[in-house]
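What follows is a single structure, written as structure tokens, with notes after it.
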Amino acid sequence: MPALSPRQLVALILVTLIWGFNWPVMKLGVAGFPPLAFRAISLWLGLPVLALALVLLKAPFAVPRAYWLPLAGLGIVNMVLWHAFSITAIPSLSSGRAAILGYTMPIFSAVLGALCFGHRLAPRAWAGVAAAAGGVLLLLWHELSQLGGRPVGVGLMLTAAACWALGTQLLRRSTLPLPVLTLSFWMTVQSAVVLSLLSLLLESDRWHAPSAVGWGAIAFNAVLVLGFAQPAWFFLVRGLPPVASTLSVMMIPVLGVFSGAVWLGERLHWQDWAAVALMVLAIASVLWPQRPAATAGAAGAAGAV
């Protein structure tokens with residue numbers, strides 16, 4: 001794997017920390033507050049941060065009309081569906097389980113690459129897919145075994161991960177000649193509008209002012225997650241070899257699990273520990289660099305994320 005530049009390395013570290021610690025932050029933010037409204041407010045407040053970055057870096061706001069439709073398509077799968085499904089799932093799951101399930105994204109991406117984009121998966125990668133499936137089954141088993149279990153939340157989070165995986169595949173293949181910040185700004189606008197409408201339709205009877213903790217979670221998401229980490233991820237996806245994000249992708253759900261246990265007092269069951277181990281094994285098997293003698297098909301599996 002080529003050496004990362006200092007800028008890329010810093011971006012990877014910060015994205016890992018921000019997204020990893022955001023899982024318990026989001027859990028706090030949606031406690032007693034409509035989840036779609038929480039995400040919509042965060043998106044709207046994140047837009048000025050992105051706009052300021054565009055101005056300071058002298059990136060264009062304008063998008064030629066010919067690019068509107070492909071940009072909207074990227075926005076739907078990369079942000080709208082991911083944010084809508086994932087934030088709706090969080091009230092039903094512990095923050096740690098939500099993180100584990102959300103970061104099945106690389107596994108979905110590997111399978112989509114094999115089925116839809118002609119990548120050949122090496123046996124090691126298929127073993128990783130099987131390990132990820134085992135981790136999901138462990139979590140689903142626990143949800144079904146508890147009277148208060150909410151397997152619908154598991155399904156919503158897995159759907160969100162699949163949508164994000166498809167979006168990552170499409171973003172890697174995008175030929176739109178637009179800066180990353182311009183893409184991020186308009187995809188965030190699109191997401192804010194759609195999630196606001198969904199919240200109006202589905203949650204308006206539960207609208208109320210956020211608590212002080214809720215505003216803190218919204219600010220964290222607006223400034224750090226949406227204002228920085230989201231465009232930084234797009235920058236890394238478009239500009240780095242796929243395996244460069246291996247460490248980040250593996251560490252985010254681990255941080256989510258253990259920060260939720262420390263900050264929120266979430267009890268970790270043996271299924272959680274086993275699922276973390278299986279997911280790390282699965283993601284490593286899909287993304288870890290192959291030896292030079294490895295086949296080109298195995299390299300294609302690493303290109304899934």
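When reading the values below, keep in mind they use all heavy atoms of this one structure, side chains included, and skip hydrogens, waters and symmetry mates.
For the pair Ala98 and Ile90, the tightest heavy-atom approach, listed with the atom from each and the gap, is CB-CG1, 4.3 Å. For Ser86 against Ala160, the heavy-atom pair with the smallest separation is N-CB, 3.7 Å. What you find for Val49 and Ala222 is that their closest heavy atoms are CG2-O, 4.4 Å. Closest heavy-atom contact between Pro24 and Gly256: CD-O, 4.3 Å. Nearest heavy-atom pair, Trp19 versus Ala229, reported as atom, atom and distance to 0.1 Å: NE1-CB, 3.5 Å. Nearest heavy-atom pair, Pro60 versus Leu54, reported as atom, atom and distance to 0.1 Å: O-CD2, 3.9 Å.
Using a 4.5 Å heavy-atom threshold, the side chains of Val63 and Phe185 count as separate. Using a 4.5 Å cut-off on side-chain heavy atoms (C-beta onward), Arg39 and Asn221 make contact. Residues Thr159 and Phe108 have side chains not in contact (no heavy-atom distance under 4.5 Å, counting atoms from C-beta outward).
Of the possible polar contacts, none joining the Trp23 side chain to the Val257 backbone as a donor-acceptor pair under 3.5 Å is found. Not a single donor-acceptor pair under 3.5 Å links the side chain of Gln169 to the backbone N or O of Leu112. For the pair Gln190 (side chain) and Ala72 (backbone), a donor-acceptor distance under 3.5 Å is present. Checking side-chain atoms of Lys27 against main-chain N and O of Gly96 turns up no donor-acceptor pair under 3.5 Å. Remark: side-chain polar atoms of Glu266 are paired, donor with acceptor, to backbone N or O of Ser95 under 3.5 angstrom. Within the 3.5 Å criterion, the main-chain N or O of Leu195 finds no donor-acceptor partner in the side chain of Ser199.
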Practice task
Could you go through the side-chain contact (heavy atoms from CB on, under 4.5 Å) check for Leu226 and His83 one step at a time?
Solution key: CA-CA 11 Å; Leu226 298 164; His83 286 307; 3.8 Å; yes
Exercise for the section: Show the numbers, then the answer: is there a side-chain contact (heavy atoms from CB on, under 4.5 Å) between Val25 and Trp263? Expected result: CA-CA 9 Å; Val25 170; Trp263 295 350; 4.3 Å; yes
Practice task
Begin from the C-alpha positions of Arg206 and Phe33 and carry the test side-chain contact (heavy atoms from CB on, under 4.5 Å) through to its verdict.
Solution key: CA-CA 8 Å; Arg206 294 185 285 139; Phe33 193 77; over 6 Å; no
Practice task
Please test Val225 against Phe21 for side-chain contact (heavy atoms from CB on, under 4.5 Å), starting from the C-alpha separation and ending with a verdict.
Solution key: CA-CA 10 Å; Val225 175; Phe21 292 134; over 6 Å; no
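Under the 30°/60° scheme for interplanar angles, the aromatic rings of Trp164 and Trp82 are found to be tilted.
Phe38 and Leu200 fall into different hydrophobic clusters, where Ile, Leu, Val, Met, Phe, Trp and Tyr are joined by side-chain heavy atoms under 4.5 Å apart, directly or via other members. Under a hydrophobic-cluster definition in which Ile, Leu, Val, Met, Phe, Trp and Tyr are linked whenever side-chain heavy atoms come within less than 4.5 Å, directly or via other members, Leu43 and Leu52 are assigned to different clusters. In the hydrophobic cluster analysis, where Ile, Leu, Val, Met, Phe, Trp and Tyr join through side-chain heavy atoms closer than 4.5 angstrom, Met26 is grouped together with Val262. The hydrophobic clustering, which links ILVMFWY residues whose side-chain heavy atoms are closer than 4.5 Å, places Leu50 and Phe61 together. Under the 4.5 Å side-chain heavy-atom criterion for ILVMFWY residues, no single connected hydrophobic cluster contains both Leu56 and Leu178.
In this structure, the separation between CZ on Phe228 and CG on Leu14 is 4.5 Å, given to the nearest 0.5 Å. With values rounded to the nearest 0.5 angstrom, Leu12 atom CG is found 10.5 Å from Leu17 atom CG. Atom OG1 of Thr168 is separated from atom CZ of Phe234 by 8.0 Å, given to the nearest 0.5 angstrom. A distance of 6.0 Å separates CZ in Phe220 from CD1 in Ile18, rounded to the nearest 0.5 Å. Summarising the geometry, atom OG belonging to Ser211 is positioned 8.5 Å from atom CD1 belonging to Ile218; distances are rounded to the nearest 0.5 Å. Of the inter-residue distances, the one linking Met79 atom CE with Leu74 atom CG reads 12.0 Å to the nearest 0.5 angstrom.
Looking at Ile76, Leu183, Thr182 one by one, the single match for side-chain contact (heavy atoms from CB on, under 4.5 Å) with Leu71 turns out to be Leu183.
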